[in-house]
Structures are given as structure tokens and as C-alpha cells.
There are 2 protein chains.
Amino acid sequence: MARPVDPHAKIELLRAAEAVFVEHGLEKAHVEEITARAGKSKGSFYLHFSSKEEAFRQIVETTIARLAGYLEQMEPASLPEPADLSEMIESWFELEVELFEFLWQNRGVMRLLLQGGGSADFGYLIDAFAERARERTKEWLRLSVERGHYRKDLDVEVASLVISGAYDRLARALVRLDKKPDIRGWVRGAQRVLLIGCCAPAVREVVDQSVSEFVEPIPASAASVKPGGARKFRRPA
Amino acid sequence: MARPVDPHAKIELLRAAEAVFVEHGLEKAHVEEITARAGKSKGSFYLHFSSKEEAFRQIVETTIARLAGYLEQMEPASLPEPADLSEMIESWFELEVELFEFLWQNRGVMRLLLQGGGSADFGYLIDAFAERARERTKEWLRLSVERGHYRKDLDVEVASLVISGAYDRLARALVRLDKKPDIRGWVRGAQRVLLIGCCAPAVREVVDQSVSEFVEPIPASAASVKPGGARKFRRPA
DNA sequence: CGCATAACTGACCCACCGGTCAGGAATCAT
DNA sequence: ATGATTCCTGACCGGTGGGTCAGTTATGCG
């Protein structure tokens with residue numbers, strides 16, 4: 001045994017790879033650019049990864065796996081039985097905020113995935129996640145209908161699509177911002193619109209209050225960025 | 001003048017190109033495969049297009065342009081002043097159904113675009129469309145608030161994001177189906193969920209009725225496919 | 001110090017594919 | 001039929017970049 005492996009090598013390569021993949025997408029990312037940024041030789045890349053695709057997969061799958069963890073937390077069974085709807089709403093709110101904070105932290109990779117930058121072969125990861133998110137939504141919808149919070153005639157199939165679609169759009173808007181927006185405000189806003197549509201007429205007033213009542217005292221600094229309008233959509237030359 | 005140009009050549013090339021692009025995405029689509037499918041030689045491709053990218057752009061931009069036409073029709077100014085909210089709802093419904101029918105007809109190209117299959121250089125087309133759709137939504141929201149149909153305290157920024165996000169998701173679900181679903185049912189379902197959340201409390205009952213009242217008599221054949229669950233998300237080998 | 005061992009390097013290899021163009025084929029005029 | 005003209009073909013070219021491996025360098029051990 002002589003010359004121990006550089007313990008930082010793989011990590012540095014992964015970091016450089018992430019940056020390059022985010023910048024160019026899988027196809028147009030060049031191994032030589034990755035190794036150059038990591039201060040390594042091209043050959044060393046293949047000491048740690050069997051191919052460019054494998055490195056990409058490693059980056060992308062770990063991110064998605066961590067993301068899926070947040071969905072796990074939202075399982076109905078793993079939340080304490082709430083006293084009432086407004087308490088429920090608060091639990092959801094905090095969990096959703098956590099998830100969006102994660103998205104913000106990992107916005108580079110998430111942007112890549114959401115925009116299909118990693119060739120069609122990796123799209124299934126986002127699709128699978130979206131599908132699971134929707135299933136979770138359905139669980140909650142059914143439960144809430146049973147509990148009498150939501151309208152009996154709610155079409156769970158369509159409502160889950162609408163709700164998960166709305167959060168999907170929020171996510172897509174988030175990951176392309178340069179400056180961190182008021183995430184709590186976004187999530188609260190989404191709740192405000194979506195909950196009312198699901199609720200049984202009798203409990204609408206409760207929700208009307210809940211979603212207003214809990215509006216954060218806004219820290220004067222970072223409340224101004226509104227969702228959307230992240231960039232001008234000019235056609236690249 | 002001798003040997004007139006084959007008048008079908010370009011059209012056949014475009015059709016073949018569309019098929020190949022949809023199947024493989026821009027990067028992995030090979031000119032030779034396109035010409036082979038069109039029964040032409042590789043060289044003939046370059047008699048009609050200056051590059052692979054140009055052909056792609058031609059296909060994609062015409063589709064988006066036609067799509068944008070539907071958005072045009074939805075301009076508040078180009079719709080007759082409605083007698084009441086439920087009449088309004090009906091106009092929206094028909095226009096939205098038309099748009100989704102178009103998406104279904106062009107689901108190949110739309111799927112390509114929505115999944116970023118055409119390299120990042122063309123993502124701006126979908127982004128721009130989504131942005132315009134959201135702007136249109138905002139116009140309607142503001143108008144409806146003015147008219148007293150929607151809640152005075154509606155956050156137009158967030159609501160527009162949620163609504164356009166919901167339709168976005170519907171679109172993404174649609175374009176990946178193999179069998180045509182009950183589009184009218186989908187759109188009606190989305191309306192049902194979204195409208196209530198926007199409405200002023202006073203007019204909620206009206207909407208409750210509208211969205212039920214107008215439910216189509218379902219032609220026994222094609223009402224069963226529900227949104228989502230289009231495929232199993234297995235990882236490709 | 002010098003040898004053995006294993007990590008690391010980067011010049012090279014080669015498959016691939018977008019794009020070209022010289023030559024062949026089809027058509028029309030005479 | 002013959003030639004003029006234009007269309008069309010597919011073998012070829014050249015840049016590109018993923019992946020390799022013979023050689024180099026660093027480290028530990030006796």
C-alpha cells in the first residue's frame with residue numbers, strides 16, 4: 001500500500017460536476033471541464049466514476065432521494081392527530097415550507113431536473129416524484145373529506161392534480177430565481193387559494209380565518225419578491 | 001428548367017423530423033434517421049433546411065405560434081360582455097377545452113417541449129408561453145375582482161400562479177397519455193376546484209351550481225380515463 | 001536510500017455524426 | 001436522340017469529445 005487516495009478528490013469532482021451539469025445540462029457538459037474545475041486530470045474522473053452518466057446519476061439521485069424524504073414526513077400516519085382543521089393547516093404549512101426551503105437550497109439541480117436538462121433518461125425521476133406527491137395529496141384529500149372538512153362531492157382525482165400542479169408551478173418558479181423570495185408567503189398564498197376550493201361550505205369561514213390569521217409578521221427585508229417574472233424570456237442568440 | 005422539385009419532399013421531411021425529434025429529442029435525433037424515414041437521402045435534408053436545429057425550430061415555433069393563438073382568443077376584450085358569472089364560466093370552459101384539444105392533437109411536440117427535450121435553447125418558448133398564460137390569468141382575475149365576482153382580498157400574484165400551474169399540470173398529464181381522455185371532464189373538474197377558491201363568499205353558491213349544472217351528459221364510451229397515472233415510472237434500462 | 005505499490009496524468013484513440021459536394025439521374029426543349 | 005439544366009444522392013470529410021492506458025509521480029516500507 002503506497003500513495004493513499006486523495007480523500008477530497010471525489011467530493012471535489014462531484015461539486016465541479018454539479019456546477020457544470022447545472023450550467024450546461026448532461027449532454028453539453030464535458031468531462032474535461034469538470035476535471036479542470038476540480039483541478040484534476042481527465043483520467044482521474046474515471047477513477048471515481050465509470051462514465052459521465054454515472055456521475056450525473058449519483059448527483060441527481062441523491063438529491064431526489066433527500067427530496068422524497070420530505071414527502072415521507074407528510075404521510076398522514078406520521079403526523080399527530082390534529083385537534084381541528086386549522087391545526088392541520090398549520091402542520092401542512094410548516095412541512096411545505098421545509099420542502100420549499102430544500103428546493104431553494106438545491107435549486108441548481110432541481111432546475112436541471114425540472115427542465116429536463118439531463119436528457120429524457122432522467123425525466124422519470126421527477127415524474128415519479130410528482131406522482132408520489134400527488135398520491136400523498138390524494139390521501140390527504142380523502143382523509144379530509146372523511147373528517148368532514150372538505151366537500152363530499154370533491155373529485156379527488158382532479159383536485160389532487162390541480163393542487164400538486166399548483167405546487168409544481170411554485171417550485172418551477174422558485175428554482176429559477178436569483179434572490180430568495182418570501183417562501184412562507186408563497187406557501188401561505190397557495191394554501192389560501194387552494195383550501196377554500198376544497199372545503200365543505202360549512203367550514204369555509206374557519207379556513208377564511210386560518211389562512212389570514214397565521215399570516216407571518218413580515219421581516220421588513222425580504223418580502224418583496226413576488227412569484228413569477230423571474231427573467232425576461234428573450235430568445236438566446 | 002428541368003427536373004422540377006419534388007413538391008412533397010419538404011413536407012415529408014418535416015413529418016419524419018417531427019417523429020424523430022419527438023422520439024429522441026433534438027440532441028439524439030440523427031439527420032440520417034430523419035431522411036431514411038422520409039425515403040430521402042441525407043443531402044436532400046440540407047436542400048430544405050440549413051441545419052438540424054433550423055428544422056427543429058421550424059417545427060417547434062409553428063406549434064407554439066398556433067398555441068399562442070388560443071391564448072389570443074381568451075383576451076378579455078375579444079369576448080362579448082357576459083350577462084353574469086355563470087355565462088362567463090361557460091365561455092372560459094369552451095375556450096379552455098379548445099386549447100386542450102389542440103394540445104392533444106399536438107401532444108408529441110408538446111411533450112417534447114414540456115420535458116425540455118429540445119435542449120435548453122428552446123425552453124424559453126414554453127416559458128414565454130407559460131408567462132403569457134399567467135398574464136392572461138391575471139387580467140381575468142383583476143377583472144373578476146372588479147366585477148365583484150371574486151374576493152376583494154384575492155392575491156392576484158399567487159392566485160394566477162396557482163391557476164396557471166394547475167392547467168400546466170393538466171397539460172403535462174394530457175400529452176403523455178396514449179388514449180384520449182375526457183377532456184371536457186378534466187377542464188370542468190379544474191374549474192370546479194379553482195373557481196370556488198377565488199370567489200367572493202356571496203357568489204359561491206352561484207358557482208357551486210354553475211360547475212355542476214353544466215356537467216356534460218357523458219357519452220358512455222370515453223369518460224373513464226382519469227388524469228394522471230399515465231405510465232409506470234420505471235427506470236429505463 | 002531504493003524498491004514495490006498504487007494513485008494519478010494527459011496524449012492519444014476512435015466512434016460518431018453534422019455537414020459538403022462531385023457526380024449521377026431525371027426532366028424538358030429542340 | 002441529344003444536350004442543357006436542375007435536382008438529388010451518398011461517399012467522404014473533419015471536428016468533437018468520451019473513454020483508455022502507458023508512463024509518471026507520490027508514498028510507505030525495509
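The structure displayed is predicted, hence computed values, not measured ones.
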Whole-Å gap separating [atom2] ([N]) and [atom1] ([X]):
X	N	atom1	atom2	result
D6(A)	dT27(D)	CG	C1'	13 Å
K28(A)	dC17(C)	NZ	P	16 Å
E32(A)	dT20(D)	CD	P	14 Å
E33(A)	dT16(D)	CD	P	15 Å
E27(B)	dG18(D)	CD	P	12 Å
K10(A)	dC8(C)	NZ	C1'	17 Å
K40(A)	dA26(D)	NZ	P	13 Å

Pairing of [X] and [Y] as salt bridge, 4.0 angstrom limit:
X	Y	answer
E94(A)	R184(A)	yes
E23(B)	K28(B)	no
E32(A)	R37(A)	no
E101(A)	K180(A)	yes
D127(B)	R176(A)	yes

Worksheet item: Quick one: do the Y167(A) and E96(A) side chains pair a donor with an acceptor below 3.5 Å?
Response: yes

Discussion item. Can you tell me if H30(B) touches the phosphate of dG18(C), counting only side-chain N or O atoms and a distance under 4.0 Å to OP1 or OP2?
Written reply: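 Yes, H30(B) has a side-chain N/O under 4.0 Å of OP1/OP2 on dG18(C).
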
For the side chain of [X], counting heavy atoms from C-beta on, which of [options] is nearest?
X	options	result
R3(A)	dG19(C), dA6(C), dC7(D)	dA6(C)
V31(A)	dT9(C), dG18(D), dA7(C)	dG18(D)
K42(B)	dG18(C), dG18(D), dT9(D)	dG18(C)

Item to complete: Quick one: pull up OH in Y46(B) and CD in E54(B) and give me the separation to the nearest 0.5 Å.
Response: 11.0 Å

Discussion item. Base, sugar-phosphate or nothing for A29(B)? Non-hydrogen atoms, less than 4.0 Å.
Written reply: sugar-phosphate

Discussion item. Short of 4.0 Å, heavy atom to strand atom, which residues of residues 45-55 of chain B count as contacting DNA chain D?
Written reply: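 Of all residues in residues 45-55 of chain B, none places a heavy atom under 4.0 Å from DNA chain D.
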
